[in-house]
Amino acid sequence: MFLRSLLFAALCALGIVVGCGEKTHQETAPPRNLLLITIDTLRADHIGTYGGTPGLSAHIDALAQEGLRFERAYATAPLTGPSHASILTGRYPSEHGVLYNGMRLAKPMLYTPESTPISSHLQAQGYRTGAIVTALPLIRKYGFATGFDSHEMIPAKTPSKTADIGGSSADAVEATRAWLGRQGEEPFFLWLHLYEVHIPYISPPKVHARLGTEPIAIGVPQLNLSRLEEIQNAYRAEVLEMDDSIGTLLATLEELGLRDSTLIALLSDHGEYLGEHEGLFGHSLLKEEVMRIPMVLTGPGVDPGVHTGAVSAVDLAPTILDIMKLPELPGATGRSLANAEPSSELPIYGEWRDIRLHDATEQAQSRDLLVGVWHGHRKLVRSELSSELRAYDLSVQHGGNRDIYAEKPEWLGEMISHLGDLSVAETPVSSEPVPMSVDGIELLRSLGYIE
């Protein structure tokens, strides 16, 4: 694509081609196809263009360079199921009803009647729709096949406590090639989910060799037995391995002649703790390490640039449909950012619910049900169980780690009023444990949420 653009510019300079001073119909035509790439557990600060290690994410960085990058994008929840439901519906967890991974009490999760996933919306517009996922919370039985003509789960090859419990990115990209090769003349929407960055971290020696780090396999049981540096290096190796798969995917699109007609949206569902906050691992609560995510759009109709205001994953679907010149997504809470001012923003929200609110014998704690609001560089988090408030100034270094609520900043009242604008669905706290299905227990155990 770059070489074609360079050649076109050279021919324009020589006067060999005409129409150089204005965009052609092909250039202004909206994207024909949509590829949504969601990457599990990928932190924004480990992507080069977001300030991460140079060279660790070369292919994602290239996408960001040629497209629209959202500097301060946030997930709606630090859990795979709720976050992906928000990405697909443009609604917050309280609104779409997917509150946990894999179960709502002991039942499969279903969207609320007011929620329409972009898959169903595009399917109604005549798009061929497909999903290729690599993690158990996104399988068909939990409702994530809604609106998709096909839905394929890429299984792990060697599941164990240390080996991958999700399918590999390489296998998922190969399945994507096969899916694209089967498509006819209709426009398509393909959702590809990559699991690679999620624990367990088991990248091969050749990936570690490129980073100059020692190969190590780290699953949930090894987190408290390994040095912090080993864990962080293992995570970085997973990022590199995943980015290699993104490169293969982009090459496939070029080979099939689809790159110039396809809008590519890439983001993660949430981040991951890597020993911060006195030894936190996994993803929970509403701290910056798990809520801030990379989010990039590139393709026809997308001018290169950076949006610096705080935005939410709920804004992605409305933005995509605006760029594609398609009808708005019914019920979406998010706004289109297609023509927004680069620094514009509105209050955005995040929600956290610990599974023990329903399914554990432990007493619920204040931090087990949280709601947060971000506006500008201000952040306010409230416990829905104790009404405790915590305030943060994200404009200062390490501001996300220091609670300044007691200092009563002048913006506190405004932020409290913003919290009142989010109607958090009632989340009853059980006085007695509610039984989970056997497969639900195994799902949580395999993901590291329970012992």
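Every heavy atom of this structure was used, including side-chain atoms; hydrogens, water molecules and symmetry mates were not. What you see is a predicted model; the values in this text were computed from it and never measured.
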Undergrad: For the CD atom on E328, are there more than 12 heavy atoms of other groups (residues, nucleotides or ligands in this structure) within a distance under 6.0 Å?
TA: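 Count not over threshold, so no.
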Undergrad: Hey, is CZ on R177 packed in by over 12 heavy atoms from elsewhere, all under 6.0 Å?
TA: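 Count over threshold, so yes.
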Undergrad: Less than 4.5 Å apart, any side-chain heavy atom of M242 and any of I39?
TA: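 Yes - at least one pair of side-chain heavy atoms lies under 4.5 Å apart.
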Undergrad: Roughly how far apart are F188 CZ and L35 CG, rounded to 0.5 Å?
TA: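 Spacing of CZ (F188) from CG (L35) equals 6.5 Å.
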Undergrad: At their closest point, which heavy atom of P300 faces which heavy atom of I323, and how far apart are they?
TA: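 So the minimum-distance heavy-atom pair works out to O-CG2, 3.8 Å.
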Undergrad: Determine, stepwise, if the pair T213 / H208 fulfils side chain to side chain donor-acceptor pair (under 3.5 Å).
TA: CA-CA 5 Å; T213 56; H208 280 276; 2.8 Å; yes
Undergrad: Please report the C-alpha distance between D322 and R335 in whole Å, then the side-chain angles of each, then the deciding distance to 0.1 Å, and finally whether the salt bridge (charged side-chain N to carboxylate O under 4.0 Å, His left out) criterion is met.
TA: CA-CA 10 Å; D322 194 356; R335 61 170 178 143; over 6 Å; no
Undergrad: Using modelled atom types and a 3.5 Å cut-off, is there a donor and acceptor pairing between side-chain atoms of T134 and backbone atoms of Y195?
TA: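 Checking the backbone N and O of Y195 against the side chain of T134, a donor-acceptor pair under 3.5 Å is found.
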Undergrad: Could you tell me whether the side chain of Q183 reaches within less than 4.5 Å of the side chain of N33, counting heavy atoms only?
TA: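 In short, these two side chains do not touch, never coming nearer than 4.5 Å.
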Undergrad: Keeping the roles fixed (side chain from S83, backbone from T80), state whether a donor-acceptor pair exists under 3.5 Å.
TA: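 Pair absent, no side-chain N/O of S83 close to backbone of T80.
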Undergrad: What closest approach, in Å, do E186 and R128 show between heavy atoms, and which atom pair accounts for it?
TA: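 Smallest interatomic distance, heavy atoms only, reads OE1-NH2, 3.0 Å.
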Undergrad: Test V373 against K379 for side-chain contact (heavy atoms from CB on, under 4.5 Å), laying out the working first.
TA: CA-CA 6 Å; V373 58; K379 175 182 177 181; over 6 Å; no
Undergrad: Considering only heavy atoms from C-beta outward, does the side chain of E289 approach that of H283 to under 4.5 Å?
TA: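 No, too far: nothing below the 4.5 Å cut-off.
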Undergrad: Out of L249, L250, L36, which residue meets the side chain to side chain contact (heavy atoms under 4.5 Å, CB included) rule with I264?
TA: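 Filter result, single survivor: L250.
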Undergrad: So does L258 get a backbone contact from the side chain of T262, meaning a donor-acceptor N/O pair under 3.5 Å?
TA: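 Yes, the answer is positive, given that a donor and an acceptor are paired below the 3.5 Å cut-off.
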Undergrad: Check E71 with R292, please: is the shortest side-chain N to carboxylate O separation under 4.0 Å?
TA: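 A salt bridge links R292 with E71.
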Undergrad: Distance alone, cut at 3.5 Å: any donor-acceptor contact between the side chains of E351 and T76?
TA: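 Not at all, the side chains of E351 and T76 share no donor-acceptor pair under 3.5 Å.
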Undergrad: Evaluate the side-chain contact (heavy atoms from CB on, under 4.5 Å) criterion for residues T116 and T89: first the C-alpha distance (whole Å), next the side-chain angles of each, then the deciding distance (0.1 Å), finally the verdict.
TA: CA-CA 6 Å; T116 301; T89 65; over 6 Å; no
Undergrad: Please confirm whether the ring centroid of H270 lies under 6.0 Å from the ring centroid of H198.
TA: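 No, the ring centres sit 6.0 Å or more apart.
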Undergrad: Do the non-hydrogen side-chain atoms of Y201 and I231 ever get within less than 4.5 Å of each other?
TA: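 With C-beta onward as the side chain, the pair touches.
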Undergrad: Among side-chain atoms of S86 and H96, is any donor-acceptor pair under 3.5 angstrom?
TA: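 Present: a donor and an acceptor within the cut-off.
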Undergrad: Are a donor atom and an acceptor atom from the side chains of E272 and T41 found within less than 3.5 Å of each other?
TA: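 Result is no, nothing qualifies.
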Undergrad: Step through it carefully: locate the ring centre of Y273, locate the ring centre of F281, and say whether they are under 6.0 Å apart.
TA: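 No: the rings miss the under 6.0 Å criterion.
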Undergrad: Over all heavy atoms of both residues, which pair between T129 and W179 is shortest? Give the atoms and the distance, please.
TA: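 Where T129 meets W179 most closely, the heavy atoms are C-CZ2, 3.9 Å.
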Undergrad: Please report the interatomic distance CD1(I118) to CE(M324), rounded to the nearest 0.5 Å.
TA: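 That separation rounds to 7.5 Å.
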Undergrad: Do the ring centers of Y235 and H46 come within less than 6.0 Å of each other?
TA: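 Y235 vs H46: aromatic centres under 6.0 Å.
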Undergrad: For the backbone of S168 and the side chain of D171, can you confirm whether one donor and one acceptor N or O come within less than 3.5 Å of each other?
TA: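 No: the side chain of D171 does not pair with the backbone of S168.
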Undergrad: Go through the steps to decide whether T49 and Q65 satisfy the test side chain to side chain donor-acceptor pair (under 3.5 Å), and finish with yes or no.
TA: CA-CA 8 Å; T49 190; Q65 185 69 28; 5.5 Å; no
Undergrad: Do the charged groups of E276 and R43 touch, with an N to O distance under 4.0 Å?
TA: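 Between R43 and E276 there is a salt bridge, with a charged N closer than 4.0 Å to a carboxylate O.
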Undergrad: Pick out which of D40, N101, T38 makes a side-chain hydrogen bond (donor to acceptor under 3.5 Å, both in side chains) with H84.
TA: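 The residue from D40, N101, T38 that satisfies side-chain hydrogen bond (donor to acceptor under 3.5 Å, both in side chains) with H84 turns out to be T38.
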Undergrad: Can a salt bridge be assigned to the pair R259 and E66 using a cut-off of 4.0 Å between side-chain N and carboxylate O?
TA: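 Salt bridge present between R259 and E66.
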Undergrad: State, to 0.1 Å, how close A172 and I154 come at their nearest heavy-atom pair, and which atoms those are.
TA: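 Smallest interatomic distance, heavy atoms only, reads CA-CG1, 4.0 Å.
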Undergrad: How close do A85 and F144 get, counting heavy atoms only, and between which atoms?
TA: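 Here A85 and F144 meet closest at N-CE2, 3.9 Å.
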Undergrad: Quick one: pull up CD in Q232 and CG in L274 and give me the separation to the nearest 0.5 Å.
TA: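 Taking CD in Q232 and CG in L274, the distance rounds to 6.0 Å.
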Undergrad: Check step by step if side chain to side chain donor-acceptor pair (under 3.5 Å) holds for N233 and E214.
TA: CA-CA 8 Å; N233 285 339; E214 290 296 322; over 6 Å; no
Undergrad: Within a strict 4.5 Å, meaning less than it, do heavy atoms of the H59 and D61 side chains meet?
TA: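 Not in contact.
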Undergrad: Are any of the side-chain nitrogens in R227 or E229 under 4.0 Å away from the carboxylate oxygens of its partner?
TA: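 Salt bridge flag = yes for E229 with R227.
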Undergrad: Quick one: are L297 and I320 in side-chain contact, heavy atoms under 4.5 Å?
TA: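 In short, these two side chains touch, coming nearer than 4.5 Å.
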Undergrad: Let's go through I348 and H375 carefully: what are the C-alpha distance in whole Å and the side-chain angles of both, what is the deciding distance for side-chain contact (heavy atoms from CB on, under 4.5 Å) to 0.1 Å, and is it a yes or a no?
TA: CA-CA 7 Å; I348 59 172; H375 192 211; over 6 Å; no
Undergrad: Check whether any side-chain heavy atom of I87 sits under 4.5 Å from a side-chain heavy atom of L267, and report yes or no.
TA: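 I87 reaches L267 side chain to side chain.
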Undergrad: Drop me the distance from L79's CG to R353's CZ, to the nearest 0.5 angstrom.
TA: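 The distance works out to 10.0 Å.
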Undergrad: How many angstroms lie between atom OG of S57 and atom CG of L42, to the nearest 0.5 angstrom?
TA: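 Result: 8.0 Å between the selected atoms.
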Undergrad: Keeping H121 on the side-chain end and P327 on the backbone end, is there a donor-acceptor pair under 3.5 Å?
TA: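 Checking the backbone N and O of P327 against the side chain of H121, a donor-acceptor pair under 3.5 Å is found.
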Undergrad: Do E95 and T333 have side-chain N/O donor and acceptor atoms under 3.5 Å apart?
TA: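 Yes - a donor-acceptor pair under 3.5 Å links their side chains.
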Undergrad: Do S284 and W352 come close enough that some side-chain heavy atom pair is under 4.5 Å?
TA: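 Of all side-chain heavy-atom pairs linking W352 with S284, at least one is under 4.5 Å.
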Undergrad: Please say whether the positively charged group of R69, taken as NZ for Lys or CZ for Arg, lies over the ring of Y50, i.e. under 6.0 angstrom from the six-membered ring centre and within 45 degrees of the axis.
TA: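 Yes - R69 lies over the ring of Y50, closer than 6.0 Å to its centre and within 45° of its axis.
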Undergrad: Look at the side chain of T53 and the backbone N and O of L56, then say whether any donor-acceptor pair between them is shorter than 3.5 Å.
TA: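 Pair absent, no side-chain N/O of T53 close to backbone of L56.
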Undergrad: Work out which heavy atom in R91 is nearest to a heavy atom in S115; give both atom names and the distance.
TA: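 Shortest heavy-atom separation between R91 and S115 comes out as NE-OG, 2.9 Å.
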Undergrad: To the nearest 0.5 Å, tell me how far I47 CD1 sits from S268 OG.
TA: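 Nearest 0.5 Å value for the CD1-OG distance: 8.0 Å.
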Undergrad: Could you give me the CA-CA distance, side-chain angles and deciding distance for L337 and V311, then say whether side-chain contact (heavy atoms from CB on, under 4.5 Å) is met?
TA: CA-CA 9 Å; L337 302 167; V311 301; 3.6 Å; yes
Undergrad: Please report whether the ring centroid of Y74 lies less than 6.0 Å from that of Y349.
TA: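 So the answer is no for these two rings.
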